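Have a look at the structure below before the remarks.
The figures that follow rest on heavy atoms only: side chains count, while hydrogens, waters and symmetry mates do not. Remember, it's a predicted structure, so these values are computed and weren't measured experimentally.
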Amino acid sequence: MISDLEILKPYGNGNPKPIFASLNLKIFNFSVLGKNKNVLKFDVSDGKNVRKGLYFKTVEEFIFELGNELGLIDEVYKLVDNKNNSILVDLVYNPVINEFRGVKNIELRISSMRVSKKKL
């Protein structure tokens, strides 16, 4: 499906990249990357499929964004520390194909995130 999006290129002014949304995803394998520690990398799962996600925020911004949303600050700290937590998220993203050492994977470039209304 991702390769089918190639027919929509070139992206630019008047032709933005396709944007998708997924609901009720679990985050795990959380890590922080980048010289300025402003790239968050984690896995997301709907219970059937797992994808890598990249979110261009600092940990502090991430904790503030999700923790303040529903008073879930303790659960957000658990998530960041890769501990069991009860948070599900809804994501808005652009899927891309990432190739590393000859292996291609679908990666989600996340533009927005919120705590899901659904509970675990």
* To do: Assess the pair F30 and F62: is the distance between their ring centroids shorter than 6.0 Å?
  => yes
Scan side-chain atoms only and decide if [X] and [Y] contain a donor-acceptor pair under the 3.5 Å cut-off.
X: Y93; Y: S111; value: no
X: Y55; Y: E61; value: no
X: N29; Y: K52; value: no

* Can you establish whether the number of heavy atoms outside N84 located under 6.0 Å from its atom CG is more than 12? => no
* For atom CZ of F56, decide whether the heavy atoms of other residues, nucleotides or ligands shown that lie under 6.0 angstrom number more than 12. =>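 It does: F56 CZ has more than 12 such atoms within range.
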* Asked: Got a donor-acceptor contact below 3.5 angstrom from the N94 side chain to the P18 backbone?
  ->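 Answer holds: yes.
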Report the distance from atom [atom1] of [X] to atom [atom2] of [Y], rounding to the nearest 0.5 Å.
X: N85; Y: F28; atom1: CG; atom2: CZ; result: 11.5 Å
X: I63; Y: L40; atom1: CD1; atom2: CG; result: 9.5 Å
X: K57; Y: I110; atom1: NZ; atom2: CD1; result: 11.0 Å

* To do: List for me each residue that meets side chain to side chain contact (heavy atoms under 4.5 Å, CB included) alongside L23, sequence neighbours excluded, and say none if there are none.
  => D90, R114
* Who pairs with D74 by side chain to side chain contact (heavy atoms under 4.5 Å, CB included), at least two apart in sequence or on another chain? ->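 Per chain and number, D74 pairs via side chain to side chain contact (heavy atoms under 4.5 Å, CB included) with no residue.
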In terms of hydrophobic clusters joined by side-chain contacts under 4.5 Å, are [X] and [Y] together?
X: L66; Y: V39; answer: no
X: I73; Y: I27; answer: yes
X: V44; Y: I106; answer: yes

* Asked: Are R51 and E107 within salt-bridge range, i.e. N to O under 4.0 Å?
  -> no
